[in-house]
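Working notes, beginning with the structure itself.
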Amino acid sequence: MIKQITSLTNQTIKDIRALHMRKEREVTGQFLAEGLKIIIDALDQGFAPQILVYGKDADHHPLQARAVQATLDAGGEVLEVTREILEKISRKDNPQMVIAVFGQMVRTLGDIDPKSNDVWVALEQIRDPGNLGTIIRTADAAGIGGVILIGDCVDPFSVETVRATMGSIFALPVVKCTREDFLADRKRWTGSVVGTLLTATHNHRTAPYARPTLIVMGTEQSGLTPEIAAICDTNVKIPMKGRADSLNLSVATGIMIYAAAGL
């Protein structure tokens, strides 16, 4: 039931390696997750791998045995491979010894109920995978409802983003939508929609965070577009006391999430 593969020309291995490309992820609806911790986090949230790959030299940890059995129980494939193949799949000289292929958890605005949680966050045109992964992890830590991606954003299922989430990609919904769809959905947010702008006069600590609160963040370079800023009930800024005049987007979003959640 476990296949042993030693050739880089194996078609399944080629298909797995191709998931580093966004186009291939979009066509197949699959993505890569590296490391036993992330895979166990996925299992804990009810997601089993479609393909599980582990190195033949990997320690036979009980959690690895659990991952193997869960994959087989779900009708997935389990592959035992050489270290060379693991390096090619991960594109790293020191790869994780367990890698999995999962189906993407694609969500739309219609899939979520704003009233199901007190706080949500929306990100407009975020481009950095590390920032997005960190924000998803922070959102999970704060227990908020989910993350909404507006417009042309980095792929939440890229290897870099998934790695930065540390498993939180499986814990809460991540929604992708166009700017037009987001604007049309605005009427469902009956609490507070709070945006961040450098020109705002309200301090982020004193904003009216009526429930459910939707925090809206723009890019580090240009912030929110005028269209999105205009539909916010309130625009706020995070005060800067030192020489720096801006914050990393994931840090700023974390500050806003915790302020809105009252944590």
Is it true that a side-chain atom of [X] and a backbone atom of [Y] form a donor plus acceptor pair closer than 3.5 Å?
{"X": "T161", "Y": "F157", "value": "no"}
{"X": "R17", "Y": "S90", "value": "no"}
{"X": "S192", "Y": "V194", "value": "no"}
{"X": "H20", "Y": "I89", "value": "yes"}
{"X": "R25", "Y": "L19", "value": "yes"}
{"X": "Q104", "Y": "F31", "value": "no"}
{"X": "W120", "Y": "P114", "value": "yes"}

Joint hydrophobic cluster, [X] plus [Y], side-chain heavy atoms closer than 4.5 Å:
{"X": "V251", "Y": "L263", "result": "yes"}
{"X": "I148", "Y": "V119", "result": "no"}
{"X": "I257", "Y": "M166", "result": "no"}
{"X": "M217", "Y": "F182", "result": "no"}
{"X": "L197", "Y": "I238", "result": "no"}

Heavy-atom side-chain contact between [X] and [Y] under 4.5 Å:
{"X": "L79", "Y": "I51", "result": "yes"}
{"X": "M240", "Y": "L247", "result": "yes"}
{"X": "L149", "Y": "L132", "result": "yes"}
{"X": "V174", "Y": "R107", "result": "no"}
{"X": "L249", "Y": "D128", "result": "no"}
{"X": "E34", "Y": "V159", "result": "yes"}
{"X": "T253", "Y": "T138", "result": "no"}
{"X": "P208", "Y": "T234", "result": "yes"}

[Y] and [X] side chains, donor-acceptor separation under 3.5 Å:
{"X": "Q45", "Y": "D41", "value": "no"}
{"X": "Y54", "Y": "E80", "value": "yes"}
{"X": "D181", "Y": "T178", "value": "yes"}
{"X": "T206", "Y": "N203", "value": "no"}

About how many Å separate [atom2] of [Y] and [atom1] of [X], when rounded to the nearest 0.5 Å?
{"X": "I38", "Y": "S168", "atom1": "CD1", "atom2": "OG", "answer": "9.0 Å"}
{"X": "L224", "Y": "Q125", "atom1": "CG", "atom2": "CD", "answer": "10.0 Å"}
{"X": "I150", "Y": "L183", "atom1": "CD1", "atom2": "CG", "answer": "8.0 Å"}
{"X": "T165", "Y": "E160", "atom1": "OG1", "atom2": "CD", "answer": "12.0 Å"}
{"X": "I169", "Y": "R163", "atom1": "CD1", "atom2": "CZ", "answer": "13.5 Å"}
{"X": "K23", "Y": "T28", "atom1": "NZ", "atom2": "OG1", "answer": "12.5 Å"}

Kindly give the heavy-atom pair with the smallest separation between [X] and [Y], and that separation in Å.
{"X": "I85", "Y": "I5", "value": "CD1-O, 3.5 Å"}
{"X": "P95", "Y": "R83", "value": "CD-NH2, 3.7 Å"}
{"X": "D111", "Y": "V106", "value": "OD2-O, 4.2 Å"}
{"X": "N131", "Y": "S250", "value": "OD1-OG, 3.4 Å"}
{"X": "G130", "Y": "A164", "value": "O-CB, 3.9 Å"}
{"X": "E124", "Y": "T225", "value": "OE2-OG1, 2.6 Å"}

Legend entry - Worked verdict on R186 versus D233 for salt bridge (charged side-chain N to carboxylate O under 4.0 Å, His left out): CA-CA 11 Å; R186 168 66 177 85; D233 296 306; 2.8 Å; yes
Inset, instruction - Take D44 and R66, measure what salt bridge (charged side-chain N to carboxylate O under 4.0 Å, His left out) needs, and give me the verdict at the end. - result: CA-CA 11 Å; D44 288 342; R66 177 190 169 192; 2.8 Å; yes
Inset, instruction - Before giving the answer on salt bridge (charged side-chain N to carboxylate O under 4.0 Å, His left out), spell out for R127 and D152 the whole-Å C-alpha distance, their side-chain angles and the decisive distance to 0.1 Å. - result: CA-CA 8 Å; R127 300 294 176 84; D152 184 17; 3.6 Å; yes
Inset, instruction - List the steps, then state whether side-chain contact (heavy atoms from CB on, under 4.5 Å) holds for I16 with L32. - result: CA-CA 8 Å; I16 294 172; L32 287 174; 3.6 Å; yes
Legend entry - I144 and D118: CA distance, side-chain angles, deciding distance, side-chain contact (heavy atoms from CB on, under 4.5 Å) verdict: CA-CA 7 Å; I144 73 169; D118 285 344; over 6 Å; no
Inset, instruction - Evaluate side-chain contact (heavy atoms from CB on, under 4.5 Å) for H204 paired with K237, printing each intermediate quantity in order. - result: CA-CA 6 Å; H204 76 289; K237 65 179 179 181; over 6 Å; no
Inset, instruction - Begin from the C-alpha positions of K3 and E77 and carry the test side-chain contact (heavy atoms from CB on, under 4.5 Å) through to its verdict. - result: CA-CA 8 Å; K3 300 177 183 178; E77 289 187 86; 2.9 Å; yes
Residues, nucleotides or ligands: over 12 heavy atoms within 6.0 Å of [X] [atom1]:
{"X": "K88", "atom1": "NZ", "value": "no"}
{"X": "K37", "atom1": "NZ", "value": "yes"}
{"X": "K92", "atom1": "NZ", "value": "yes"}

Inset, instruction - Report the C-alpha separation of R188 and D185 in whole Å, then their side-chain angles, then the decisive distance to 0.1 Å, and conclude whether the salt bridge (charged side-chain N to carboxylate O under 4.0 Å, His left out) test is met. - result: CA-CA 6 Å; R188 290 204 302 146; D185 193 65; 2.7 Å; yes
